[in-house]
Amino acid sequence: MALRLFNTRTRSVEPFSTYEEGHARIYVCGLTPSAQAHLGHARSFLFFDVLRRYLVHQGLRVTYVQNVTDIDDRSIATALERGGSWLDIIGEHYASFSASMRKLGVSPPDFEPRATEHMPAIVTMIGDLLQSGHAYVAPDGVYYRVASFPRYGAFSGRNLDELLVGARVAVGEQKTDPLDFALWKFAKPGEPSWPTPWGAGRPGWHIECSAMSASLLGVPFDIHGGGTDLIFPHHENEIAQTEALVPGPMANFWLHGGLLLFDGKKMSKSLGNFEPLAHLLERHDPQAIRLLFLQTGYRKPMNFTEEALAGATAGIRRLFDSYELLRAAPLVEPFADVAQQRFDAFPQRFFQALDDDMNTSSALSVLFEVAAEARALAQSGAASALAGFLQQGLELLGLDPQARCEEEPQLAADFVLRLQAALDAGAGAAALTLDRDALAAEAIAAVLAARTAARQRKDFSLSDRLRASLAQVGILVKDEASGSTWSIVE
RNA sequence: GGCGACAUAGCCAAGUUGGUAAGGCAGAGCUCUGCAAAAGCUUGAUCCCCAGUUCGAGUCUGGGUGUCGCCUCCA
């Protein structure tokens, strides 16, 4: 079975194929960093990250473009309000967004084009639209003439009459038809602007995607993505712009991710009903957030709750614990044939799930089953070839056990002092004196060594007090057959 | 008002072509371990309502109800 994806353009699940043999070209509408990024953005880009990993896994070369809308009305307005430059606002939010994506394990795009850095392509395209009669110059800007594109509305499933009923014309707009949309907005005094033959100003929102996708990927390309809220008008308008100039579809597959709701309402800039992504990532494990999103179908609307995230946090711990347990276990083969057959079914089910319109939830359930199975084996002394598959599966979904390992040494600077204090209070001053300059891990190892010695002497009371002292500073001790291990709680 | 989604156990959630329901979290019981923790085993669903098609429907059809999205910047 091969990968099948739901295509918004045809409203059906279709086998995925590329125009160019072995090369997938993807354009995803990125962020407009006029405000802080939120979890909803993370959900969307996380999905495309996994899609991208899967395509690469299938041996495709992937060119992934994700634009940055670095000029828009909101950032200009905010700059006017606060003082300072709109670019500073964009830069600040964009940097924070990038850092968050990195934390979440989202691979950086191959190209991250910014509207302001592609003005020539944008201006050229507007020129072409003017020349071909699809656009006209009005007193306040250049507009796309919707009536000139008969297919307008077909993509998003709307007809012009109905659109007309709901159409609103913003104050000051001087277009000839309410449905027309701006390709270029002439600058008012004090606004940032770029020169063009028909007047200085800035691009409308939609034109940058048409221009930049064409110049970086060519037309048609394979996948165009974004959130469902972009279907209309953004993607409808992109299509109108691009397809007015080029025959055939702008892109073959159109993929749209379901929106993230908070308190049953869409997270949105205008409502401001969200905690900035960067804040959230300070409080929560990015890998857990990743798991949370992948456990829900990407097209479904999804309500975010702290409770669900707590569940995912426990889930990711279990998955990673299993992974580490397996990694440590020696590889012993072969299995009995019957068992082997059963194990072979795991990868099969896993990949089938992903092939089925990227059903990451179902794929994950297979990994959880593998984890359980493998644990049982590791515990019984046998080891498992499943470790390799589990690792592959986790990697494909971008779940990275190493990401957690890196965090472990990052205990607070005064950790050793606090641990010593806990020991003095709990286990008695004579119990142990730690080297104040020791690394946290070394100090913990020293305490554990003392505890192991105590246990060997059957001095369980001291053993328990030492464990309690560690617990007080947030270290959880587990006794396993091979020795004691520790991990950080909270 | 127009268009479009979604409604499955306490919570999250999967469910190709219709054949009595994956997985995770939480809970309960048991096993193991000096005690814990961890782990393993066991345990839970008249699939929003009504009607219909069918031998058989979460899955198809019709009608309700509820929630949400787009139609204005928005992943």
Side-chain angles (χ1 to χ4, degrees), chain A residues 1 4 11 13 28-32 34-35 37-48 66 69 72-74 77 153 156-159 161-170 205 225-234 236 256-261 264-271 291-292 295-297 299-305 307-319 321-322 325 349 352-353 355-357 359-369 372 375-376 378-380 455 458 460-461 463-464 467-468 471 476-481 484-485 487 489:
Chain A
M1 194 178 171
R4 296 159 56 81
R11 314 275 153 127
V13 178
V28 172
C29 288
L31 192 73
T32 303
S34 57
H38 55 64
L39 244 199
H41 299 117
R43 182 188 185 198
S44 187
F45 298 124
L46 214 55
F47 164 69
F48 287 106
Q66 186 178 296
T69 305
D72 80 316
D73 294 354
R74 184 189 294 270
S156 57
R158 315 179 181 232
N159 69 58
D161 296 340
E162 280 155 5
L163 280 175
L164 209 50
V165 173
R168 295 176 218 180
V169 180
W205 176 33
T228 55
D229 55 344
L230 297 185
I231 294 173
F232 188 90
H234 186 53
E236 186 75 59
H256 291 97
L259 300 180
L260 190 69
L261 313 177
K265 290 269 181 249
K266 172 188 174 183
M267 287 187 184
S268 82
K269 286 174 186 161
S270 44
L271 289 175
L291 177 68
L292 178 68
Q295 277 182 316
T296 301
R299 290 198 281 134
K300 272 200 165 186
M302 173 180 177
N303 198 29
F304 173 76
T305 62
E307 193 188 358
L309 182 50
T313 304
I316 199 71
R317 194 179 308 136
R318 180 183 156 80
L319 216 42
D321 280 353
S322 300
L325 201 76
R349 285 168 53 209
Q352 257 171 25
D355 278 341
D356 181 16
D357 194 27
N359 190 337
T360 50
S361 176
S362 203
L364 267 168
S365 77
V366 176
L367 293 190
F368 273 104
E369 283 181 54
R375 293 196 87 112
Q379 236 182 13
S380 72
R455 291 175 72 210
K458 303 256 188 223
F460 295 121
S461 126
S463 158
D464 287 348
R467 184 173 60 198
L476 176 72
V477 177
K478 295 183 206 169
D479 295 330
E480 286 162 9
S484 300
T485 62
S487 56
V489 287

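Since the model is a prediction, treat every value here as computed from it, not as a measurement. Each chain gets a letter, A, B and so on, in the order its sequence line appears, and its residues count up from 1.
Although no hydrogens or angles enter the test, the distance criterion places no donor-acceptor pair under 3.5 Å between the side chain of A:Lys269 and the main chain of A:Arg74. A:Asn359 places a side-chain N or O within 3.5 Å of a backbone atom of A:Ser362 that can act as its donor or acceptor partner. A donor-acceptor contact shorter than 3.5 Å links the side chain of A:Arg43 to the backbone of A:Gly258.
B:G10 is paired with B:C25 under the criterion used here, namely a Watson-Crick or G-U wobble arrangement in which both key atom distances are under 3.5 Å. Figure legend. B:A45 is base-paired to no nucleotide; pairs are counted as Watson-Crick or G-U wobble with both atom distances under 3.5 Å. Shown here, B:G4 forms a base pair with B:C68; the pair counts as Watson-Crick or G-U wobble because both key distances fall under 3.5 Å. The partner of B:G56, taking Watson-Crick or G-U wobble pairs whose two distances both stay under 3.5 Å, does not exist in any strand shown. If you check B:A51 for Watson-Crick or wobble pairing at under 3.5 angstrom, you find it paired to B:U61.
Contacts of A:Val13 with the nucleic acid, taken as non-hydrogen atoms under 4.0 Å apart, are absent. Within 4.0 Å of A:Asp73, counting heavy atoms only, lies no atom of the nucleic acid at all. Note on A:Gly257: nothing from the nucleic acid sits closer than 4.0 angstrom, heavy atoms only. If you check every strand for non-hydrogen atoms under 4.0 Å, A:Arg455 touches a base. Using a 4.0 Å heavy-atom criterion, one finds that A:Gly297 contacts the sugar-phosphate atoms exclusively.
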Under 3.5 Å, N/O pairs linking protein and nucleotides 9-12 of chain B:
unit_1, atom_1, unit_2, atom_2, d
B:C11, O2', A:Glu307, OE1, 3.4

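Evaluation of atom-type donor-acceptor distances gives a pair under 3.5 Å for the side chain of A:Arg467 against the base of B:C35. Between the side chain of A:Ser463 and the base of B:G34, a donor-acceptor pair under 3.5 Å is found.
With centres under 5.5 Å and a plane angle under 30° as the test, the ring of A:Phe368 is not stacked against the base of B:G23.
With sequence neighbours left out, the side chain to side chain donor-acceptor pair (under 3.5 Å) criterion links A:Thr360 to no other residue. Taking the side chain to side chain donor-acceptor pair (under 3.5 Å) definition, one finds that A:Thr69 meets it with A:Asn67, A:Glu208, sequence neighbours left out. Take A:Ala308 and apply the side-chain contact (heavy atoms from CB on, under 4.5 Å) test, not counting sequence neighbours, and it matches A:Leu292, A:Thr305. Checked against side chain to side chain donor-acceptor pair (under 3.5 Å), A:Glu162 has the following partners two or more places apart in sequence or in another chain: A:Asn159. Residues meeting the side-chain contact (heavy atoms from CB on, under 4.5 Å) test with A:Ser44, sequence neighbours left out: A:Phe48. Under the side chain to side chain donor-acceptor pair (under 3.5 Å) criterion, A:His41 pairs with no residue, sequence neighbours left out. Partners of A:Ala42 according to the side-chain contact (heavy atoms from CB on, under 4.5 Å) rule, which considers only residues two or more places apart in sequence or in another chain, are A:Leu39, A:Met101, A:Leu104, A:Leu277, A:Phe293.
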Heavy-atom contacts, protein to nucleotides 65-73 of chain B, under 4.0 Å, summarised as B (base), S (sugar-phosphate only) or - (none) per nt, yield ---SSBSBB
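Both A:Asn159 and A:Leu364 lie close to RNA chain B; mapped to their nearest nucleotides by heavy-atom distance, the more 5′-ward contact belongs to A:Asn159.
The distance between atom CG of A:Leu319 and atom C1' of B:A39, rounded to the nearest whole Å, is 15 Å. A:Asp356 has its CG atom 7 Å from the P atom of B:G15, to the nearest Å. Rounded to an integer number of Å, the gap from A:Gln352 CD to B:A14 P is 18 Å. Put simply, NE2 on A:His256 is 15 Å from C1' on B:C3, counting in whole angstrom units. Going from atom CD of A:Glu236 over to atom P of B:G4 covers 14 Å, rounded to whole Å. Atom-to-atom, CD1 of A:Ile316 to P of B:A26 comes out at 14 Å; the value is rounded to the nearest Å. Here the P atom of nucleotide B:G24 and the CG atom of A:Leu309 are 18 Å apart, to the nearest Å. Rounded to whole angstrom, the span from the CZ atom of A:Arg317 across to the C1' atom of B:A37 amounts to 12 Å.
The C1' atoms of B:G15 and B:C6 are separated by 15 Å, rounded to the nearest whole Å. As rounded to the nearest Å, B:G1 and B:U43 have P atoms that lie 49 Å from one another. Taking the C1' atoms as reference points, B:U8 lies 26 Å from B:C70, given to the whole Å. Across the C1' atoms, B:G10 and B:A51 are found 32 Å apart, a figure rounded to whole Å. Nucleotides B:A75 and B:G69 have their C1' atoms positioned 13 Å apart, rounded to a whole Å. Atom P of B:A7 sits at a distance of 15 Å from the matching atom of B:G58, rounded to the whole Å. For the P atoms, the distance linking B:A22 with B:C41 amounts to 16 Å, nearest Å. Spacing of P atoms, B:C35 relative to B:C30, comes out at 15 Å, to the nearest Å.
With respect to A:Arg318 and A:Asp321, no salt bridge is recorded, no charged nitrogen being found less than 4.0 Å from a carboxylate O.
Looking at A:Leu163 and A:Glu236, their side chains never come closer than 4.5 Å, going by heavy atoms from C-beta outward.
Among B:C25, B:C6, B:G15, the nucleotide with an atom closest to any side-chain atom of A:Asn359 is B:G15. Checking B:A22, B:C35, B:C6 against the side-chain heavy atoms of A:Glu369 singles out B:A22 as nearest. When distances run from any side-chain atom of A:Ser362 to the nucleotides B:A36, B:A14, B:G23, the shortest one goes to B:A14.
Look at A:Lys478 and you won't find any side-chain N or O under 4.0 angstrom from OP1 or OP2 of B:U33.
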